[in-house]
Amino acid sequence: MHVTLPDGKQLDLPDGATGLDAATAIGPRLAMATAAVKVDGTLQDLRLPLPNGARLEIVRVGDAEALPVLRHSTAHVLAEAARHLYPGVKITIGPPIDNGFYYDFLFAEPISEDDLVRLEDEMRRILKTEHAYTRAEVSRDAARERFVAEQEPFKVELIDDLPADEAITFYTQDDFTDLCRGPHLQSTKPIKAFRLTSLAGSYWRGDATRPQLTRVYGTAFWSQAELDEHLHRIEEAKRRDHRRLGPQLGLFQFHDESPGAPFWLPDGLTVWNELYGHWRRENRRRGYREVRTPIMYDASLWKTSGHWDKYRENMYTLQVDDQDYALKPMNCPAHCLIFGSERRSYRDLPLRMNEAGLCHRNEMQGVLHGLMRVRSFTQDDAHLFITPDQILDEVIGVMDFATSLYELFEMEFRLELSTRPPVRVGDDAIWDRAEQALQTALEKRGVPFVVNEGDGAFYGPKIDAHLIDALGRSWQCGTFQLDFNLPERFDLAYTGADDHEHRPVMIHRAMLGSFERFIGILIEHYAGDLPLWLAPTQALVLPIADRHVANAEQAAAALEDAGLRSGVDRRTESIGKKIAEAEARKVPVMLVVGDREAEQGTVSVRRRGRRDLGSQPLAEVVGWMTEEMRAKKVAG
RNA sequence: GCCGGUGUAGCUCAGCUGGAAGAGCGCCCGCCUUGUAAGCGGGGGGUCGCGGGUUCGAGUCCCGCCGCCGGCUCCA
């Protein structure tokens, strides 16, 4: 048999040769450094036989591509350490994840963060000796027998649930054997730079009705330097955390008296209003008409919409005069009422209705997270009432709108398409059409996306857009959902060209997700250094000495007249201190005025994060600031 | 909601095995009148998250509740 190497050369090998055999044939040093192999582009264990004619690539120790292998192997050492230290612990699964790995255990007694140190020490002790990872294919009965004997019920359950045709493999290092698909390193030797980072609860198979496990998170890198850099990056990212920056910059705050509900302070509300202004102008430009609907409704509305049955635990309900009411968790039923309030013609469609709608959802206490997940938030919502023929054009329009917003802020996003679930409403013809439209819209944008088969809502397929926070956590912001259900429930109709009544299709659309969440992402994205057009104070005038205050106030007044948010630092402090504090407040433009400037009729310009840029007439400053604001530039 | 952690001055934090609540920054007052990242001196400020308990004595130990942090689950 033969395989093809990345340089195009063919390598002849005996039948049944493994990845490691191939590496050995190339050179013994390469064989020693092999972590895994890529067969036709997919990562595979180096112990597996190679298929004839495959494209083969050796992935070496030190390659970023093999990091998941290193981390997975490290997770096994963690499990071994846990077995040594806590006899009777039940092991479950321990996969590599984006920035590390975890292993879920069921401990007889709860463990705390102090135990992470003990576990790490035991791992280091194990790693003092090099242990080979050996792979063994075993029969289902033998595998089952082993874990029954070891009293590992979770492993037994995993084996029982494996498809009948799937081979069962064990990996062993030292005295520890785990049910595992692999791939793994040749030995523990490359495991040097690792750290157990945190402890968390998790549910067996993500099911809250099953036993709660203890998850130990860790990470591993090929070198200590890379590990240190990673840990350092996390520390840096914490500085960008909007929950720290927001209160520090006086943007918003939280109070115990209303958990999960942000209080917007004057500077934060300025950011909010600028964002809202941009959003509503863009909506109008793209043919949306803005509405505003109540936040409290009679329960009958939620019975019509289906929320009363399906979503009630998440809603705030209340009784007024013996009537059931609820605060709205979504705006769609309100918009359906508006649509249904008059006879609609096909000539009225698409009818695009947008609302910055204040919604309340009773989120579980443990999931609240700064501005990212709150109980009271303002969705940048819209509903498009359309004919089935308009699905494609409107989906393209919505995608275009949303991506233009993300691009304005130079933010990266990830798109996901969710298709029909097994249980659903609407006939297959319209699902075909809808899924096709979403896919076409995605392809037209030319951006990569992942497909989550069967993950759509029962009422229609959707596209979700995720943005990433400072710590790499992903938050769903954009969501574009087709809906065949609500128009039915609200008995919505339009008169077609044929003079018959037809059912419209609805598109639910949020792009920012909510103003709260998006501003949270913005703060982290810019590390608080908001672009000029969003900055609460755009220019701060800094008098050198008290005698320059009047001059400074004139300058600030002129800036205000030009529509620029400005202020004066009137305190009797050194200019160095005033600058230091303006920098800390993230003010984009600092204008210094002293004797020289008074004489010349200028101001000295300093931009955030930069040095003295020299003096200019104030009119010139107003000119470029106005232009920068109009163009919504992200950096000056 | 669940698991683990955590809560001390406006902020960041120290406070050992229970024995008179502290520091730096901010704030207030005074001096300095200042040229591009923090001038000097003085002063005020705390029901130690809340409620019980143990103790001669609790910031410290125990129990309950609340908030926050890291996750699980869910979602904008």
Side-chain angles (χ1 to χ4, degrees), chain A residues 102 104 106-107 110-116 197-217 238 241 243-244 247-248 253-260 311 313-314 329-331 357 359 361-374 377-381 464-467 471 473 475-479 481 508-518 520-521 542-549 571-584 590-597 604-615:
Chain A
Y102 67 79
D104 282 347
L106 183 63
F107 290 100
I111 68 164
S112 74
E113 276 179 23
D114 298 337
D115 293 274
L116 294 184
T197 49
S198 64
L199 213 54
S202 67
Y203 294 104
W204 172 236
R205 299 189 155 179
D207 183 345
T209 65
R210 307 288 307 262
Q212 175 129 29
L213 309 170
T214 303
R215 176 169 297 181
V216 179
Y217 280 95
K238 284 183 185 161
D241 193 324
R243 291 169 300 180
R244 174 193 293 253
Q248 211 170 65
Q253 55 190 207
F254 286 92
H255 291 274
D256 292 356
E257 288 79 356
S258 188
Y311 203 74
E313 304 100 73
N314 283 297
M330 300 176 190
N331 307 297
C359 296
R361 295 185 191 172
N362 188 6
E363 298 287 355
M364 288 187 291
Q365 193 257 91
V367 306
L368 300 179
H369 185 99
L371 292 178
M372 304 296 200
R373 176 159 292 106
V374 291
F377 59 97
T378 309
Q379 249 183 346
D380 72 310
D381 211 356
D464 291 323
H466 295 255
L467 303 179
L471 277 167
R473 286 176 289 226
W475 298 95
Q476 184 186 312
C477 289
T479 183
Q481 310 189 354
H508 305 256
R509 176 229 73 181
M511 303 177 295
L512 311 177
S514 71
F515 284 86
E516 288 78 4
R517 181 176 287 183
F518 197 76
I521 301 256
L542 309 177
I544 297 273
D546 290 349
R547 64 178 177 280
H548 307 117
V549 167
R571 294 173 308 162
T572 310
E573 289 289 354
S574 70
I575 193 66
K577 179 158 185 162
K578 290 176 185 174
I579 285 169
E581 288 189 9
E583 290 279 355
M590 287 152 268
L591 302 172
V592 176
V593 296
D595 290 335
R596 276 206 304 274
E597 290 76 11
S604 275
V605 180
R606 185 189 164 105
R607 300 258 359 204
R608 176 178 57 206
R610 296 201 230 145
R611 305 240 149 234
D612 187 356
L613 301 175
S615 58

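Everything numeric here is computed off the predicted structure, so don't read it as measured data. In the text below, chain A, chain B and the rest are named by the order of the sequence lines, each starting its count at 1.
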Please write out the pairs of protein N or O atoms and N or O atoms of nucleotides 63-68 of chain B separated by less than 3.5 Å, giving the distance to one decimal.
| residue | atom | partner | partner atom | Å |
| --- | --- | --- | --- | --- |
| rG67(B) | O2' | D256(A) | OD1 | 2.6 |

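- Not a single ring pair (Phe, Tyr, Trp, His ring centres under 6.0 Å) links F377(A) to another residue, sequence neighbours left out.
- Nucleotides rG57(B) and rG1(B) place their P atoms 36 Å apart, quoted to the nearest Å.
- Among the atoms of the strands shown, only primed sugar atoms or phosphate atoms (P, OP1, OP2) are found under 4.0 Å from some heavy atom of I111(A).
- No N or O donor and acceptor, one from the side chain of Y203(A) and one from the base of rG71(B), sit under 3.5 Å apart.
- The distance from atom OH of Y311(A) to atom C1' of rU73(B) is 13 Å, rounded to the nearest whole Å.
- Scanning for salt bridge (charged side-chain N to carboxylate O under 4.0 Å, His left out) contacts around R361(A) gives an empty result, with sequence neighbours left out.
- Under the ring pair (Phe, Tyr, Trp, His ring centres under 6.0 Å) criterion, H548(A) pairs with no residue at all, not counting sequence neighbours.
- Atoms CZ (R361(A)) and P (rU73(B)) sit 19 Å apart, rounded to a whole Å.
- For the pair H369(A) and rG70(B), the criterion of a side-chain N or O lying under 4.0 Å from OP1 or OP2 is met.
- The separation between H466(A) atom NE2 and rA76(B) atom C1' is 11 Å, rounded to whole Å.
- Note: CG (D595(A)) to C1' (rU34(B)) measures 11 Å, nearest angstrom.
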Given pairs defined as Watson-Crick or G-U wobble with both distances under 3.5 Å, what dot-bracket annotation applies to RNA chain B, with ( ) intrastrand, [ ] crossing, | other strand and . unpaired?
-> (((((((..((((.....[..)))).(((((.......))))).....(((((..]....))))))))))))....
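- Atom CG in D546(A) sits roughly 6 Å away from atom C1' in rU33(B) (whole-Å rounding).
- For the pair Y217(A) and rG71(B), the ring geometry does not qualify as stacking, because the centroid separation below 5.5 Å and plane angle under 30° are not jointly satisfied.
- Taking atom C1' on both rC68(B) and rG26(B), the two are 23 Å apart, rounded to the nearest angstrom.
- If you find the closest nucleotide of RNA chain B to S112(A) and to Q476(A), the one lying nearer the 5' end belongs to S112(A).
- In this structure, Q365(A) has no side-chain hydrogen bond (donor to acceptor under 3.5 Å, both in side chains) partners at least two apart in sequence or on a different chain.
- At the heavy-atom level, G201(A) lies under 4.0 Å from base atoms of the strands shown.
- Nearer the 5' end of RNA chain B, as judged by each residue's closest nucleotide, is the contact made by S202(A), out of C477(A) and S202(A).
- No engagement by T197(A) is indicated, since no non-hydrogen atom pair under 4.0 Å with the nucleic acid exists.
- Counting non-hydrogen atoms under 4.0 angstrom, E363(A) reaches a base of the nucleic acid.
- Scored by the salt bridge (charged side-chain N to carboxylate O under 4.0 Å, His left out) test, D104(A) finds R215(A) as partners (sequence neighbours excluded).
- Within the nucleic acid shown, G366(A) comes within 4.0 Å of at least one base atom, counting heavy atoms only.
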Give every pair of a protein N or O atom and an N or O atom of nucleotides 37-41 of chain B that lie under 3.5 Å apart, one pair per line with the distance.
| residue | atom | partner | partner atom | Å |
| --- | --- | --- | --- | --- |
| rA37(B) | OP2 | R611(A) | NH1 | 2.6 |
| rA37(B) | N7 | R606(A) | NH2 | 3.1 |
| rA37(B) | N6 | E583(A) | OE1 | 3.1 |
| rG39(B) | OP2 | S574(A) | OG | 3.0 |

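- Among rG70(B), rU36(B), rU33(B), the nucleotide with an atom closest to any side-chain atom of E597(A) is rU36(B).
- rA38(B) and rA21(B): their P atoms are spaced 38 Å apart (whole Å).
- Note: CH2 (W204(A)) to C1' (rC3(B)) measures 17 Å, nearest angstrom.
- For R596(A), the salt bridge (charged side-chain N to carboxylate O under 4.0 Å, His left out) criterion is met by no residue, not counting sequence neighbours.
- With rounding to whole Å, M590(A) atom CE is found 9 Å from rU36(B) atom C1'.
- Regarding contacts with the backbone of rG70(B), a side-chain N or O of R473(A) is found under 4.0 angstrom from either OP1 or OP2.
- Between the CZ atom in R611(A) and the CZ atom in R606(A) there is a gap of 6.0 Å [rounded to 0.5 Å].
- Spacing between rC25(B) and rG43(B) at atom C1', rounded to whole Å, works out to 16 Å.
- Using a 4.0 Å heavy-atom cutoff across all strands shown, R215(A) reaches sugar-phosphate atoms only and no base atom.
- rG7(B) sits 28 Å from rG44(B) when the P atoms are compared, rounded to a whole Å.
- On the P atoms, rU55(B) is 30 Å away from rC3(B), given to the nearest whole Å.
- Rounding to the nearest 0.5 Å places CD of E573(A) at 7.0 Å from CD of E581(A).
- If you measure from atom OH of Y102(A) to atom P of rG70(B), you get 19 Å, rounded to the nearest angstrom.
- Here T214(A) pairs with nothing under the side-chain hydrogen bond (donor to acceptor under 3.5 Å, both in side chains) rule; sequence neighbours left out.
- Distance check on atom C1': rA14(B) versus rG71(B) gives 29 Å, rounded to whole Å.
- At rU34(B), one or more side-chain N or O atoms of R547(A) fall inside 4.0 Å of OP1 or OP2 (strictly under the cut-off).
- Between R243(A) and D241(A) a salt bridge is recorded (basic side-chain N to carboxylate O distance below 4.0 Å).
- Residues that satisfy the side-chain hydrogen bond (donor to acceptor under 3.5 Å, both in side chains) test with R244(A), not counting sequence neighbours, are absent from this structure.
- With contacts defined as side-chain heavy-atom distances shorter than 4.5 Å, the pair D595(A)/R547(A) qualifies.
- The OG atom of S604(A) lies 9.0 Å from the CG atom of L591(A); values are rounded to the nearest 0.5 Å.
- Taking Y203(A) as the reference, nothing meets the ring pair (Phe, Tyr, Trp, His ring centres under 6.0 Å) condition, with sequence neighbours excluded.
- Between rU8(B) and rU47(B), the two C1' atoms lie 12 Å apart (nearest whole Å).
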